[in-house]
Amino acid sequence: MLSFLAWLVLLFLCWPIALIALVLYPVVWLLLLPFRLLGIGVDAVFSLLRAIVMLPARVLGHHPAR
């Protein structure tokens, strides 16, 4: 919501830049999508490694506070 309000202020102050931003936003989103997917994959690998390392403690009965 805050980014939309910032865009409205930009539209009021300088409408050509606001329209360019509106057109380029989907392009930038598509360009950044592989990096987001890579981040999700790296997070999954780290979660898996953490689960493997913590497995002996969980088998012995330790339950982390949630």
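Being a predicted model, the structure only gives us computed values, none of them experimental. Both backbone and side-chain heavy atoms feed into the values below; hydrogens, waters and symmetry mates do not.
The 12-atom threshold is exceeded at CG of Leu8, counting heavy atoms of other residues, nucleotides or ligands nearer than 6.0 Å. Residue Arg36 places its CZ atom among more than 12 non-hydrogen atoms of other residues, nucleotides or ligands, all under 6.0 Å distant.
Within the model, atoms CG of Leu10 and CG of Leu19 stand 9.0 Å from one another, a figure rounded to the nearest 0.5 Å.
Leu33 and Val27 fall into different hydrophobic clusters, where Ile, Leu, Val, Met, Phe, Trp and Tyr residues are linked whenever their side-chain heavy atoms come under 4.5 Å apart, directly or through other members. Follow the hydrophobic side-chain contacts under 4.5 Å out from Val42 and you reach Leu49 in the same cluster. Residues Val23 and Ile20 fall into different hydrophobic clusters, defined by Ile, Leu, Val, Met, Phe, Trp and Tyr side chains chained together at heavy-atom separations under 4.5 Å. Both Leu5 and Leu22 are part of a single hydrophobic cluster, where members link through side-chain heavy atoms under 4.5 Å apart. By the criterion of side-chain heavy atoms lying less than 4.5 angstrom apart, applied directly or through intervening Ile, Leu, Val, Met, Phe, Trp or Tyr residues, Leu11 is grouped together with Phe4 in one hydrophobic cluster.
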Show, in sequence, the C-alpha distance, side-chain angles and deciding distance for Phe35 and Leu32, and conclude whether the side-chain contact (heavy atoms from CB on, under 4.5 Å) test is met. CA-CA 5 Å; Phe35 296 108; Leu32 293 179; 4.2 Å; yes
